[in-house]
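This report refers to the structure that appears directly beneath it.
Quick caveat, the model's predicted, so the values are computed rather than measured. Below, chain A is the first sequence line, B the second, and so on; all start at residue 1.
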There are 2 protein chains.
Amino acid sequence: MKPGPRRSLSQADIVDAAFEILEQKGFAAVSVRGVAASLGLTPTALYTYFPSKNALLRAMVEQLLSTVGSAAASDTEVTADEPWRDRVYAHAAALRARLADHSGAIVLVTSGPLDGRHALGLNESLVAGFVADGMPHADAARAAHAVRAYVLGAAALDAARRAGDDEESAASPDENTLWSDAAAFPLTEAAAGVAGDGFAWGLDRLLDGLERHAA
Amino acid sequence: MKPGPRRSLSQADIVDAAFEILEQKGFAAVSVRGVAASLGLTPTALYTYFPSKNALLRAMVEQLLSTVGSAAASDTEVTADEPWRDRVYAHAAALRARLADHSGAIVLVTSGPLDGRHALGLNESLVAGFVADGMPHADAARAAHAVRAYVLGAAALDAARRAGDDEESAASPDENTLWSDAAAFPLTEAAAGVAGDGFAWGLDRLLDGLERHAA
DNA sequence: ACCTGAACACCGTTCAAGT
DNA sequence: ACCTGAACACCGTTCAAGT
């Protein structure tokens, strides 16, 4: 094929293609070569749009976080004067939903700094929510940090559980010695199917604690 | 060099060598070839001890978590009948400290399932702490999940912040357009140096919420 | 500016072979 | 059982060259 300008690709097109691969083949398959090939490009052509693979990964994180703020806003826009708790809850739930969408999303977020525009904007919204409720500024910043930590960690545990399930179904029953002595952890074992979706419950406890401290 | 049995290496020796590389050169440098070379081995020799790189990574996670339970116990063994809160706090703090030790530890934990013996044992201790305080079993399991999520997420945010700091110092001042419009996020900006170590504060809020719900 | 093709220094993993 | 050496199918990234 002849070199030269063939079509006009945007950074967003490449990020979309990368997400497609992330969804279908997992994080390990998101390679410069793979993304380029899915767009009919040579690997080196990608370096026209992004200076490194890391830059592409960061752009993916930003695209992921860009929808969180708007999604949370649309969830609560009907009742704009909703209490602080519902607003914070909407943000956290939107962030969690976004992380749960793509199975490799947490590895993505964990793989680099969170100092992009949308990452900072999300934090700003969270802090503003707490400040609006009359929380001292220093506490509001720490409260926002706690909420972000909880949501991120819950997503990480989700991903870990999914990875464990995949492996369990892949292994043959004979070799699966891991759960043969599961009785050694009776409490964990008994809670395996009971818990349901603990995300909202835990977030409610955290918000309870934050609310109590503010009062 | 001649093939054949030369010295007796254990899985623990290899895990130790892998942690050495993780600490000094980061997660990306933890390769089968690199670990083998640091032990004076050929890459293929490692497959005698671990069936895959993933298995080595999991063994690293297990070694990381194995010290958490004992560390938490030694922190509170003087006062064995300490209230539940202090015991849970000790576990969470020990887990956090262990994750903060190695910069690439969260990527490690996030990269696979958490179904090893020590991972399950840690969860069991946490659940037992809540149950001992009279919490219903289902709530105790969800409370333990919330604590693990918070600690994991806080470690992930720690790592992200460190990654951001490293990059900031590496970039030349001219190219650093990221923080030139930092005034767009006044709340986040103002909180940059103030927060101190928010880990304990946030954990206290979460435990407040859990305690309140139990009462 | 956008793209190709060749090349460099890496990966994880498998396989046949040696002791 | 433990190890080597060669090989396969990949990586991210750079560089010279084409349009």
Side-chain angles (χ1 to χ4, degrees), chain A residues 1-18 20-22 24-61 104 107-108 111-112 163 166-167 170-171 175, chain B residues 1-18 20-22 24-61 104 107-108 111-112 163 166-167 170-171 175:
Chain A
M1 215 174 280
K2 302 168 210 160
R6 281 189 300 140
R7 78 202 98 178
S8 193
L9 247 47
S10 69
Q11 294 200 18
D13 293 329
I14 295 170
V15 168
D16 286 346
E20 186 92 9
I21 295 177
L22 179 68
Q24 293 181 354
K25 304 183 187 176
F27 182 75
V30 179
S31 65
V32 174
R33 291 173 131 97
V35 173
S38 79
L39 291 165
L41 288 180
T42 265
T44 49
L46 266 195
Y47 285 82
T48 303
Y49 300 92
F50 294 98
S52 67
K53 183 189 178 178
N54 226 291
L56 169 59
L57 258 33
R58 305 275 207 82
M60 291 176 73
V61 172
V107 195
L108 203 62
S111 69
D166 290 355
E167 169 186 288
E175 314 169 344
Chain B
M1 214 174 282
K2 301 168 209 158
R6 281 186 300 139
R7 79 201 97 179
S8 191
L9 247 48
S10 68
Q11 296 200 17
D13 293 329
I14 296 170
V15 168
D16 286 346
E20 186 91 11
I21 296 179
L22 179 68
Q24 294 180 354
K25 304 183 187 176
F27 182 75
V30 180
S31 64
V32 173
R33 290 174 131 97
V35 173
S38 79
L39 291 164
L41 289 179
T42 264
T44 49
L46 266 195
Y47 286 82
T48 303
Y49 300 93
F50 293 99
S52 66
K53 182 189 179 181
N54 226 291
L56 169 59
L57 259 32
R58 305 275 207 82
M60 292 177 73
V61 172
V107 194
L108 203 61
S111 69
D166 290 354
E167 168 186 289
E175 315 169 342

Return the value, rounded to whole Å, for the distance between atom CG of Asp13(B) and atom C1' of dC2(D). 15 Å

Could you summarise the pairing of DNA chain D as dot-bracket text, marking Watson-Crick and G-U pairs under 3.5 Å with ( ) or [ ] inside the strand and | across strands? ||.|||||...|||||.||

So, Ser31(B) side chain and Gly34(B) main chain: donor-acceptor pair closer than 3.5 Å or not? yes

Distance, nearest 0.5 Å, that separates OH of Tyr49(B) from CG of Leu41(B): 6.5 Å

Among dT4(C), dT14(C), dC3(D), the nucleotide that comes nearest once only the side chain of Ala45(B) is considered: dC3(D)

Interatomic distance, CD1@Ile14(A) vs CZ@Phe50(A), rounded to 0.5 Å, equals 5.5 Å

To the nearest 0.5 Å, what is the distance between CD (Gln11(B)) and CG (Leu46(B))? 10.5 Å

Write out a two-atom table: protein N or O, nucleotide N or O from nucleotides 10-12 of chain D, distance below 3.5 Å.
unit_1	atom_1	unit_2	atom_2	d
dC11(D)	OP1	Ser31(A)	OG	3.3
dG12(D)	OP1	Val32(A)	N	3.0
dG12(D)	OP1	Lys53(A)	NZ	3.1
dG12(D)	OP2	Val32(A)	N	3.0
dG12(D)	OP2	Arg33(A)	N	3.4
dG12(D)	N7	Arg33(A)	NH1	2.4
dG12(D)	O6	Arg33(A)	NH1	3.1

Looking only at heavy atoms, the pair that brings Gly104(B) and Leu22(B) closest together is CA-CD1, 4.0 Å

Would you measure the distance from the C1' atom in dA7(D) across to the matching atom in dC11(C) and give it in whole Å? 14 Å

So does Thr42(A) reach the base of dG5(C) with its side chain, donor to acceptor, closer than 3.5 Å? no

Nucleotide dT14(C), atom C1' - distance to CG of Leu46(B) in whole Å: 15 Å

With side-chain contact (heavy atoms from CB on, under 4.5 Å) as the test, pick out the partner of Val35(A) among Asp16(A), Val15(A), Ile21(A). Ile21(A)

The reported gap from OG in Ser38(A) to CD in Glu20(A) (rounded to nearest 0.5 angstrom) is 8.0 Å

Report the distance from atom CZ of Arg58(A) to atom CG of Leu108(A), rounding to the nearest 0.5 Å. 11.0 Å

Side chain of Tyr49(A) - closest among dG5(D), dC3(D), dC2(C): dC2(C)

Separation of Phe50(B) atom CZ from dC3(D) atom C1', in whole Å? 17 Å

